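Reading through the structure tokens given below for one structure.
First the proteins, then the strands, lettered A, B, ... as listed; each starts at 1. Keep in mind that what you see is a predicted model, and the values were worked out from it rather than measured.
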There are 2 protein chains.
Amino acid sequence: MAITDAMIVPTDDCSSWLETHFDLLGNAAAIRSNRQSFTKGERIYTRNETAHHAYAVLEGAVRASHCLPDGRRHLRAFHLPGEIFGLDGDALRSHETEALVKTTMLAVRLDDLDREAGLDAGLAWGLCNLAAGELRKAREHMVLLGRKSALERVAAFLLEMDRRLATKGVMSLPMCEHDMADYLGLSNETVSRCLTKLQALRIIVLSKRRTVRFLDRAGLHEFDAS
Amino acid sequence: MAITDAMIVPTDDCSSWLETHFDLLGNAAAIRSNRQSFTKGERIYTRNETAHHAYAVLEGAVRASHCLPDGRRHLRAFHLPGEIFGLDGDALRSHETEALVKTTMLAVRLDDLDREAGLDAGLAWGLCNLAAGELRKAREHMVLLGRKSALERVAAFLLEMDRRLATKGVMSLPMCEHDMADYLGLSNETVSRCLTKLQALRIIVLSKRRTVRFLDRAGLHEFDAS
DNA sequence: CGGACCGTTGAAACCAGTCAAAGGATGTGG
DNA sequence: CCACATCCTTTGACTGGTTTCAACGGTCCG
């Protein structure tokens with residue numbers, strides 16, 4: 001099953017990861033949490049649904065999407081191992097989320113979180129800084145969507161995934177080109193053409209489907225005008 | 001001076017506004033803050049500068065922009081009266097901010113804020129929810145940038161400003177069309193053409209420069225496919 | 001009064017989208 | 001284990017919305 005390549009995070013019970021990113025929650029015993037698994041394509045939550053949990057991705061990948069009435073779709077974010085999502089501060093979900101591959105997550109009760117964060121300043125401030133960081137990243141992505149060419153977007157995307165998937169050598173992407181397209185504000189055909197072009201320029205190699213090897217990271221950075 | 005139309009917030013010493021949005025800071029005596037005024041076009045902070053303050057806009061308007069190496073510019077946000085910015089969670093600024101018109105703000109020391117938020121859970125959690133709300137709005141804007149047509153973007157922008165400026169009847173925009181364009185990921189010519197078209201359709205009236213009157217809000221909502 | 005900026009309009013070029021078709025990979029069920 | 005259906009990817013040709021380039025008038029401000 002080639003997909004397992006994309007499941008990067010060490011599954012040695014996620015404790016080391018919890019310490020670095022999520023001990024905010026780890027040492028708050030009053031916050032109930034449990035592991036949940038989702039299969040490929042499975043819905044996690046949908047639009048206008050009441051928000052019950054925040055999620056910490058342990059393994060796999062999640063897409064957060066929003067559809068316009070006429071069917072146009074946009075991906076607001078990918079959530080990869082080591083990241084937290086579902087903490088939008090709204091009672092109702094404004095988007096829907098689905099697992100891209102088999103995904104396991106830690107689900108945290110929002111009502112517990114809300115209560116504890118009102119008491120535990122360290123927890124609340126940690127979550128605030130986490131949200132602020134997400135906000136900064138979202139606004140950087142807005143520059144990509146508003147002002148970058150197709151090739152620049154794809155180059156930036158590859159570098160972003162290289163960073164976030166923390167992979168060595170060969171990168172195995174968990175999402176299809178259609179998802180990349182909706183994340184980058186492009187059509188899937190355009191994404192395909194850009195990847196083909198980057199390969200022709202000897203900057204990347206697409207060995208198997210969704211598997212990227214970098215030949216020239218510096219060259220990629222030149223395309224990604226940040 | 002026509003610009004004053006854009007300065008909406010009741011200047012009766014901003015206390016009522018502080019109560020609703022910012023009493024988080026108001027009752028924390030250990031947080032030093034002071035009023036600051038900026039003239040039209042004045043820089044507030046610039047890229048790669050060390051972050052010292054967060055700001056609460058009392059009156060006026062601010063743009064947060066990011067430039068690519070080749071000069072392309074994108075506006076990440078407008079900050080209007082009643083809104084808070086500059087709390088990005090990073091030591092160095094990732095963007096620059098300028099006053100669009102004469103603007104007065106409450107400047108809050110970040111080191112004080114950081115210290116107090118580590119102690120006061122109510123403050124920290126309030127700021128967290130504020131950041132989460134900003135994140136949600138930023139991601140909604142991403143849909144606009146990634147998937148909407150020029151006319152849809154301009155329609156959505158007018159409705160957004162109508163909401164955020166809390167104006168009755170005639171709306172006086174504090175930003176020029178070039179700024180709108182960079183906020184919406186369009187060229188200034190396209191923005192102009194869209195506004196002209198909306199006027200030809202009897203949906204808005206542009207009486208004076210930057211002054212918009214709504215004839216048909218329902219019609220605008222039809223263009224804004226959310 | 002003059003200059004800079006802003007807004008408007010037209011014409012042409014171009015990038016990316018759309019439509020279409022074909023091959024490849026994947027997964028399912030017989 | 002194979003056949004088949006579905007989804008994904010790729011490529012080409014065409015279309016079209018937006019950008020770019022250019023020119024002009026208006027407004028604001030020094």
| request: Could you walk me through whether B:R63 and B:E98 pass the salt bridge (charged side-chain N to carboxylate O under 4.0 Å, His left out) test, one step at a time? | output: CA-CA 6 Å; B:R63 70 164 171 242; B:E98 293 152 313; 2.9 Å; yes

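- Phosphate proximity of C:dG7 to B:R210: present, with a side-chain N or O under 4.0 Å from OP1 or OP2.
- With B:Y183 as the partner, the side-chain hydrogen bond (donor to acceptor under 3.5 Å, both in side chains) test is satisfied by one option alone out of B:R73, B:E160, B:H178, B:R76: B:E160.
- Summarising the geometry of B:C176 relative to B:R210, their closest heavy-atom pair is CB-NH2, 3.2 Å, with the distance given to 0.1 Å.
- One atom, CG of A:L206, and another, C1' of C:dA25, lie 15 Å apart when rounded to the nearest Å.
- Rounded to a whole Å, the NE2 atom of B:H178 is 14 Å from the C1' atom of D:dT20.
- Taking atom CG on B:L151 and atom C1' on D:dG16, their separation rounds to 16 Å, with Å as the unit.
- Summarising the geometry, the separation between CD on A:E177 and P on C:dT26 is reported as 14 Å, rounded to the nearest angstrom.
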| task | Could you go through the side-chain hydrogen bond (donor to acceptor under 3.5 Å, both in side chains) check for B:H95 and B:Y45 one step at a time? | result | CA-CA 8 Å; B:H95 57 280; B:Y45 56 76; 3.1 Å; yes

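- The nearest whole Å value for the distance from the CG atom in A:D70 to the P atom in C:dG17 is 15 Å.
- Regarding A:R153, its CZ atom lies at a distance of 14 Å from the P atom of C:dC15, rounded to whole Å.
- Within 6.0 Å of CZ in A:R213 there are 12 or fewer heavy atoms belonging to other residues, nucleotides or ligands.
- No more than 12 heavy atoms of other residues, nucleotides or ligands shown are found within 6.0 angstrom of CD on A:E222.
- For the pair A:C176 and A:R147, both in contact range of DNA chain D, the more 5′-proximal nearest nucleotide belongs to A:C176.
- Contacts between residues 183-193 of chain B and DNA chain C, defined by a heavy-atom separation under 4.0 Å, are made by B:E189, B:S192, B:R193.
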